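Remarks on the structure that follows.
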Amino acid sequence: MRYRNSLIPTLKQEPSDAEVVSHKLMVRAGMIRQVARGIYDFLPLGLRVVRKVEQIVREEMDRSGAQEILMPAICPAELWQESGRWDKYGKELLRMKDRYERDFCFGPTHEEVVTDLVRRDVRSYRELPINLYQVQSKFRDEMRPRFGLMRGREFIMKDAYSFHADSDDCNREYEVMAKTYRRIFERCGLSTRMVESDTGAIGGRRAHEFQVLADSGEDAIVSCNACEYAANVEKAEIGATRSPVAATASPLKKVRTPGKRTIEEVSAFLSEPPERFIKTLLYLTNRGETVAALVRGDHEISEIKLRTMLGVEWVAMADPETVEKLTGAAVGFAGPIGLKARVVADEAVQHLRSAVVGANETDHHLTDVDAQRDLAGVTYADLRLARAGDPCPRCSSGNFDANRGIEVGNIFYLGTKYSAPMKCTFLDAAGQETPMEMGCYGIGITRTAAAAIEQNHDNNGIIWPTALAPAHVHIVQVGTDENVRNAADTLYNDLLAAGIEVLLDDREERPGIKFKDADLIGIPYRVNVGAKALERNAVEFKPRREAKADDLPIANAVETLVTAVRRDLAK
RNA sequence: CGGGGUGUAGCGCAGACUGGUAGCGCACCUGCCUUGGGCGCAGGGGGUCGCAGGUUCAAAUCCUGUCACCCCGACCA
């Protein structure tokens, strides 16, 4: 690749619309350009990175026994109506009509299409298991796309779907995919964590996410500092939580708390720590039910856990009118005592004694609440978000560390969620018609590219892991005289012949500009070819991560670079 | 969807309050000069001021509408 003939529009200044480092650097390095909200052009360098990720994914998926297919991006509504998701998926599903007014959608994921394919062509247990994957552009009309490629609306995803005769075999494949994913991200040079996650909108029984650890990540995860347990905070189970217990129980007391609505305000007003409060959160469910959920004042509720516990599809905070109608008090004074609603509570509430709750009366709270004595008929469950320091549920000694992460991959055990309603069945050995057990496995290709930058950059620009870099070697032709040009050309051609990918900066620019651009673009190995070193029969070798360049005899240059690149790629 | 913000040259911005016909830096083109971490000098090209309407002798500037993009929120009473 010769710079002079390439479209690599680097920017000296930061783009005004970028917030996170990967977005800024990809725009500045001339890799992507925004076309519309959440929709991007990939320029030559950006596309090369995307292709690198795809290639690693393909190699490892193929190695695991999966087969690549390609399904349509535009999918007919009927399949989605059959699974029920045409109505459920909501506004994220981009819908359109063809010239005959028939309904279609731009696929955000392909469970329906692949299940339709398999049910038509797979009949017997002898043809199972099968794992089909594709690499394709997806479209999800996100409420709020942001952070460049991190949360785009159109993005490239690898999605795989496996079909099995029984759940044991499906679980086996789940483990195979977990291993495959570990290898994929390792080869990409990324540090990831596999964490338990909610099964969410896709549904199913069991799920893990692969998170690239990065402070800018949108997801919060916890991991045990003593064992292997790690999970998304929304999902993370929590070991037994001790709550402060007062020595003796006192009778309930109503106190005036004028205008003090939040835990913080009441806590300061009564001089009681938030751990002694019980927060009462009123929720509406899709069944039209109103539920009060209680968590300790210093804890936060996990709506996902609440949803799971209630067995409903969605929960939403009640609007102020509903709250006032139900409690007979202004917002801020809701409490569980005397409330005409189903009450559920987080386990940490169970042993609270001498706690503070809203009185269901404007400007009043109740104190000296004893959960065991005063909260009758309450169902207890693990309902809160995990946080750093919480006890691990799996081992006795560990506590949680908290991290932020970028979800680059996920694996789901779907069971028969799609195969049953869509009648994707096979005949088992006994001649019995049985729905297939399914798993699905996704990797955000474009997001992985962005996550790699979040994890690998410095003040001067990107520092690509060799496996994902748009090229392995960046030759900077320093100066334009014939000797220099010839030496640079020779090295360029020799490296290409040795199978190394090279960007040759043959522009007529001053050296400073070329060096700055090289750092910005982040190709892992840079070679400066200039008159000074040539006099010593050398070129300068500067790995992107190193501060200084070293002389490299021209005679050894190709071999040294080939060795360095091969060593990196073998990791 | 709610709240806030911004749209002026390829990029980053000023001009707007107080209306008078558009400017700065970078980039780009030409010449000279220079050439090892975003050189210097001189000259030059490039703008429907997001779009539509309105007010006015006159609108980038005021008013109305609209579109686009960005940020915060849409779970913690």
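Per chain, numbering begins at 1; letters A, B, ... match sequence-line order. Bear in mind the structure is a predicted one, so any value in this text is a computation, not a measurement.
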Watson-Crick/G-U partner (both atom distances under 3.5 Å) of B:rA68: B:rU6

Contact under 4.0 Å: A:Thr262 side-chain N or O vs B:rA77 OP1/OP2: no

Gap in Å between the two P atoms, one belonging to B:rG54 and one to B:rA58, rounded: 12 Å

Separation of the C1' atoms in B:rA27 and B:rC13, to the nearest angstrom: 14 Å

Parallel, tilted or perpendicular: rings of A:His23 and A:Tyr40 (30°, 60°): perpendicular

Sugar-phosphate, base or nothing in reach of A:Gly479, heavy atoms under 4.0 Å: nothing

Sugar-phosphate only, base, or nothing, as touched by A:Arg37 at under 4.0 Å among non-hydrogen atoms: sugar-phosphate

Sugar-phosphate, base or nothing in reach of A:Lys532, heavy atoms under 4.0 Å: base

Heavy-atom donor-acceptor pair, A:Lys279 side-chain to B:rC76 base, under 3.5 Å: yes

Side chain proximity check, A:Ser22 to A:Met150, heavy atoms < 4.5 angstrom: yes

Phosphate OP1/OP2 of B:rG38 contacted by A:Arg510 side-chain N/O (<4.0 Å): no

Who pairs with B:rG12 - Watson-Crick or G-U, where each distance is under 3.5 Å: B:rC24

Base B:rG25 paired with A:Gln13 side chain (donor-acceptor, <3.5 Å): yes

Sugar-phosphate, base or nothing in reach of A:Thr280, heavy atoms under 4.0 Å: base

Assigned partner base of B:rC1, Watson-Crick or wobble definition, under 3.5 Å: B:rG73

Side-chain-base donor-acceptor pair under 3.5 Å for A:Arg526 and B:rG37: yes

Touch class at under 4.0 angstrom, heavy-atom based, for A:Val323 against every strand present: base

For B:rG36, the Watson-Crick or wobble partner whose two distances fall under 3.5 Å: none

Side chain of A:Leu11 (C-beta onward), nearest among B:rC11, B:rA74, B:rG36: B:rC11

Under 3.5 Å: donor-acceptor pair, side chain of A:Lys305, backbone of A:Ala236: yes

